Amino acid sequence: MSALEELLQTLRTVEDHVGQAQRQLTRSRRSLNEAEAALVRIDPDHPETVVPPGFRRAGDQIEQSISTLDRVADTMRDYATRL
């Protein structure tokens with residue numbers, strides 16, 4: 001196996017890991033949204049009393065991480081194509 005083939009195989013492996021991370025983050029976002037909706041149902045007139053402020057920050061961080069992984073995946077595909 002040539003060095004180029006090894007590099008491409010390594011890039012494919014990393015792409016697989018990035019894809020797994022993206023799927024896990026998507027599931028995490030969905031679970032976080034479900035948990036928030038359940039908390040809001042406890043007191044729909046005053047959700048701010050039952051939904052911790054960190055929920056929204058966590059959601060923002062998940063979105064930022066997904067966006068970052070999207071850019072990483074695009075960069076890796078571009079790099080592999082150029083090889």
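Just so it is clear, the model here is predicted, and its values are computed rather than measured.
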Side chain to side chain contact (heavy atoms under 4.5 Å, CB included), that's the test. Do N33 and R30 meet it? Break it down for me.
CA-CA 5 Å; N33 290 341; R30 188 172 37 252; 5.7 Å; no
Check the pair D78, R82 against salt bridge (charged side-chain N to carboxylate O under 4.0 Å, His left out), reporting the backbone distance first and the verdict last.
CA-CA 6 Å; D78 183 52; R82 291 176 189 220; 3.1 Å; yes
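Side-chain contact check for R23 and Q20: no donor-acceptor pair (N or O, by modelled atom type) lies under 3.5 Å. S67 and R71 are linked by a side-chain donor-acceptor pair at a separation below 3.5 angstrom, with hydrogens and angles left out of the test.
Separating the CZ atom in R12 from the CE atom in M76 is a distance of 10.5 Å, to the nearest 0.5 Å. In this structure, T26 OG1 and E63 CD are separated by 8.0 Å, a value rounded to the nearest 0.5 Å. A distance of 12.0 Å separates CG of L11 from CD of E6, quoted to the nearest 0.5 Å.
Counting all heavy atoms, side chain and backbone alike, L7 lies closest to L83 at CD2-CD1, 3.5 Å. When all heavy atoms are compared, the tightest approach of T49 to D43 is OG1-OD2, 3.6 Å. I62 approaches L25 most closely through the heavy-atom pair CG2-O, 3.6 Å. Heavy-atom minimum distance, Q22 versus D70: NE2-OD1, 2.7 Å. Of all the heavy atoms in R56 and V51, the pair that sits closest is NH1-CG1, 3.8 Å. The shortest non-hydrogen separation linking L69 to V18 is O-CG1, 3.8 Å.
Of the charged side-chain nitrogens involved, at least one lies within less than 4.0 Å of a carboxylate oxygen, so that D74 and R77 count as a salt-bridged pair.
Counted within 6.0 Å of CZ on F55, heavy atoms from surrounding residues, nucleotides or ligands total more than 12; the atom is thus considered enclosed.
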